[in-house]
Structure formats: C-alpha cells, structure tokens
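Report on one structure; see the data block that follows.
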Amino acid sequence: MASRGRKRKAEAEVVAAAEKREKPAGDRKRVEEATVVIEHCTSRVYGRNAAALSQALRLDTPELPVEVNPARPRRGSFEVTLLRPDGSSVELWTGIKKGPPRKLKFPEPQEVVKELKKYLS
C-alpha cells in the first residue's frame, strides 16, 4: 500500500521552519523605519500578555514603533515580528506551536527585548 505522503510533509515543514526565521515581507506593507508587530488572538489572556510585552518594548526601545494586531489575527496565535525598512521581516517569537500548558505560548518580555537588540545592532 502506498504511503500517504507524511514523510514528505514532515521534510517540507523542516525546510519551511528554516526559511521562516528571516523572510521577505511580501504580503505586508513597506515601512519607512523598523517596526515591531505583535500578533495575538483576541482572548483575554493573550491580550494581557501582549500589553505587557508591548509596554516592555516601548520602554526599552522608545524610538521603535510597536503595532499590536495591525490585521485580523489568526486563532491561537502569539507572534512578535520585526519589520525592516528593506521589506524583510524577522520573527522574534512565535508561540503558535508551543503548549500545553498555555503559559508556554507567551515569552518573557526581556527575552524578546534581548532578541530584538540582537537584530537591531
């Protein structure tokens, strides 16, 4: 009996994960300056964590604009992305595949700030 393509699909996911780290932002608008985008689903828990994270980012890098949910968010998502002026984007954090428990989906704010500074310098 022929396989159902699971192996091929798993290999494709590994390749996609490697390319996902830094990719051109073709579907997003071009920005004049670097911008941090936080995408989170609209449940209360996600909103509280996004607010704490955006506050930490604004305090640590006040010159960098922070946008929260510029478009309709995906269900169960919590992602932090740096949009660069050249059109590329860098994923600073993704919690989509993390959990249970749910608290694993959310990063410590200082962890994201540290990752952001690595890409800004």
task = Quick one: pull up NZ in K105 and CD1 in I96 and give me the separation to the nearest 0.5 Å.
result =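 Answer rounded to 0.5 Å: 7.0 Å.
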message = Nearest 0.5 angstrom please: T42 OG1 to R72 CZ, how far?
response =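 So the gap between those two atoms works out to 8.5 Å.
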message = Any carboxylate oxygen within less than 4.0 angstrom of a Lys/Arg side-chain nitrogen, looking at E115 and K118?
response =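 Between K118 and E115 there is a salt bridge, with a charged N closer than 4.0 Å to a carboxylate O.
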For the residue pair [X] and [Y], what are the closest heavy atoms and their distance?
| X | Y | answer |
| --- | --- | --- |
| E63 | E33 | O-OE1, 4.1 Å |
| K98 | L104 | CD-O, 3.5 Å |
| L82 | A34 | CD1-CB, 4.1 Å |

request  = Let me know which of V36, I38, V80 forms a side chain to side chain contact (heavy atoms under 4.5 Å, CB included) with V112.
outcome  =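 For V112, the side chain to side chain contact (heavy atoms under 4.5 Å, CB included) check succeeds only for V80.
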inquiry  = So does R74 get a backbone contact from the side chain of E39, meaning a donor-acceptor N/O pair under 3.5 Å?
reply    =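 The answer is yes, because a donor-acceptor pair under 3.5 Å joins these two groups.
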key: Selection residues 63-83 - residue pairs positive for ring-ring contact (aromatic ring centres under 6.0 Å, His included), sequence neighbours left out   =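 Checked against ring-ring contact (aromatic ring centres under 6.0 Å, His included) - neighbours excluded - the pairs reaching residues 63-83 are F78-F106.
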Check: residues 53-60 side-chain donor-acceptor pairs under 3.5 Å, at least two apart:
residue, atom, partner, partner atom, Å
S54, OG, A50, O, 3.2
S54, OG, A51, O, 3.0
R58, NH2, V66, O, 3.0
D60, OD1, K117, NZ, 3.3

